[in-house]
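Structure first, commentary second.
So you know, we letter chains A, B, ... as the sequences are listed, proteins then strands, and number each from 1. Keep in mind that the numbers below use all heavy atoms, side chains included, and drop hydrogens, waters and symmetry copies.
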There are 2 protein chains.
Amino acid sequence: MQEVAEHAGVSIATVSFVVNGTKRVSPQTQAKVEAAMRELGYARNHAASALARGRTDILALLSPALERNLSGTGMEFITRAAERALQRGYKLVLWPFDNQASSVQSLIASRLVAGAVLMEVELHDARVPALRESGLPFSLIGRTLDPTGMAWVDVDFDASIVGTMKDLLGLGHRRIAYVDFVLGDDPEASVFAGAVRARNAYIDTMRSVGGSPVLLRCPETPWDGRHLVSRLLADHPDVTALVVMNEHAAPGIVLGLAAAGVRVPEDMSIISVGTTSMMAAFTDPVLTHTVSPARELSRLGVDAVIDRINDPELPLPQILLPCMRASGESVAPPRS
Amino acid sequence: MQEVAEHAGVSIATVSFVVNGTKRVSPQTQAKVEAAMRELGYARNHAASALARGRTDILALLSPALERNLSGTGMEFITRAAERALQRGYKLVLWPFDNQASSVQSLIASRLVAGAVLMEVELHDARVPALRESGLPFSLIGRTLDPTGMAWVDVDFDASIVGTMKDLLGLGHRRIAYVDFVLGDDPEASVFAGAVRARNAYIDTMRSVGGSPVLLRCPETPWDGRHLVSRLLADHPDVTALVVMNEHAAPGIVLGLAAAGVRVPEDMSIISVGTTSMMAAFTDPVLTHTVSPARELSRLGVDAVIDRINDPELPLPQILLPCMRASGESVAPPRS
DNA sequence: TTGAAAGCGCTAACAC
DNA sequence: GTGTTAGCGCTTTCAA
């Protein structure tokens, strides 16, 4: 920067002003400085700038289980978040971590990032208390049990599941089963808040129409989807429709049903919820599905943090976005 | 740090020594300092540290088209890279960008990152010259036409395609078509080096057995895969086997064939190359496939950069990894 | 084995 | 509108 200043015949303060647009500078000087910068290929030193202003332009994307969600919706979240951050002049660092709370602590204390976006939020999320205490701006993609006083954007699973159930009930289905996912080996292990809310919405809806819920779960793979089918058919032969919140198992379920001679949608209706359309198109018939608003959620989540960095007094966005219904051919009235 | 020093009754230099392990410190002082750090929840300021030592612990993952590859193998690359970087004490920032060369320039000049990993490398990649000039350590996942003097790790597409072709030829197939992908609207737009090499390996193999290559391509979606089928059957009715390098179209192709009454593998053999096993399991029959060594490639790519950061004189790793053959049920001898 | 102090490159308050 | 300058928090050389 010193060099640029000499080259342009001004002081380094002036260079700083034009680099940051912090202060009015006469057009002539501005031009001179810019020319000098171009000539010398100057770009401001990131660390020095961050140190001096006491703030960085880096955001952290905290995603505890980057291993999970090896495709589909998860990828969408990450790429959109990175894109949006860059659009707004921020960088996005990926922070997949093991030891939740303590790792967040040191991330915060190191002042590496100006804010954080949390994905895969749990009902009682260990990262949240640490973040709140620290005062670091953050937003949730998802929400904890009590998200009061935080910025969050989330899928409106309640409405989405209720809507999906209504569709099925409207067609005459009464025995509707629900399939979601387990992570790793321990079925009781960390549970995403969204999954819990969705499941509860299903249970409530079933109860409200006097039906009894049928809950199934399996790991997020097509193989597990296939295997699930025999269990389903054996234990619940009267089920006529499936609501599946398990992007990667859904195609497997269709294959499993076909192998068992169960036709979709004539004998069994299926709706895949919170998926990408691509995943829904891997089967024949194409799955009727609802699309998780991943792109918007990422954008809003990133925006929420950046806005709060710029003005901590801003109201906290708390936004619920519905899944979009997308057509498919896997739903029909039940065989009477 | 000053506070920690006072708390422990030592100088800030000493604190720095224990934080970084840069110098021998007596066990007692060490213990005192560590206790003080814990008590005050100290973590070193990232920017200040980077500024003082003239180096950061951040790596950039340069992926021009994060939009593409919305799942499967692409996701694998990113998550594994982030994981590995963290394991080795580095952070990974995502750098999806538009304007290739210039964006790289400013990334370099800003000294934000200590090194870079390039994905989706093209034969003549605009990012590479900028990087070479700058002296910033970097590695390629993939390789340019002439990757001499650079660190790279790549899939051995030559061997993989040749192996795949041999399998098919060995079964008696002679009319083997090849399907790969187009990006966006312009079929001539930026081409990944790996795709070009793979295609050439196919062409060479066909020629070497006196066959004439049949090249097809479509966007990376199951819909496009379905549509491709009618073109294939109309234009090349005598084809008995398909080598598909298009992870997301492959399941669509199977569906399209089924719809056209072409049985897999009796009437048509299919091998999906460079895919994830999950994608290959979305169809019935499960696709015979080869798995892209994404995980290892990411690890090696990240390691290569970090090693060179630590010692620029280290020999340049230039590593070719084969795709792993994975079983499936979509290959059989041709109908005689 | 420990401490003092000179920067690292930039920002921004203050003076002109 | 532009320049001077005191830090930002840490690393590291040099001296003790």
Nucleic acid footprint by protein, nucleotides 9-16 of chain C - heavy-atom cut-off 4.0 Å, B for base, S for sugar-phosphate alone: BBBBBB--
Nucleotide interval of DNA chain D bounded by contacts with chain A (heavy-atom cut-off, under 4.0 Å): D:dG1 to D:dG9
Residues A:Glu296, A:Arg299; criterion salt bridge (charged side-chain N to carboxylate O under 4.0 Å, His left out); working and verdict: CA-CA 5 Å; A:Glu296 296 73 21; A:Arg299 198 177 75 70; over 6 Å; no
Euclidean distance, A:Asp125 CG relative to A:Glu120 CD, rounded to 0.5 Å: 10.0 Å
Between CG on residue B:Leu94 and NZ on residue A:Lys91, distance to nearest 0.5 Å: 13.5 Å
Exceeds 12 heavy-atom contacts within 6.0 angstrom, atom CD of A:Gln87: yes
Flag side-chain contact, heavy atom, 4.5 Å: B:Leu118 against B:Ile141: no
Separation of B:Met37 CE from B:His7 NE2 (nearest 0.5 Å): 12.5 Å
By salt bridge (Lys or Arg N to Asp or Glu O under 4.0 Å) - contacts of B:Asp156 (at least two apart): none
Closest heavy-atom pair and its distance - B:Val305, B:Ala116: CG2-O, 3.5 Å
Partner set under side chain to side chain contact (heavy atoms under 4.5 Å, CB included) for B:Ala151, not counting sequence neighbours: B:Ser139, B:Ala304, B:Arg308, B:Leu316, B:Pro317
Qualifying salt bridge (Lys or Arg N to Asp or Glu O under 4.0 Å) pairs, either residue in residues 131-140 of chain B, two or more places apart: none
DNA chain D-proximal residues of residues 25-36 of chain A, any heavy atom under 4.0 Å: A:Val25, A:Ser26, A:Thr29
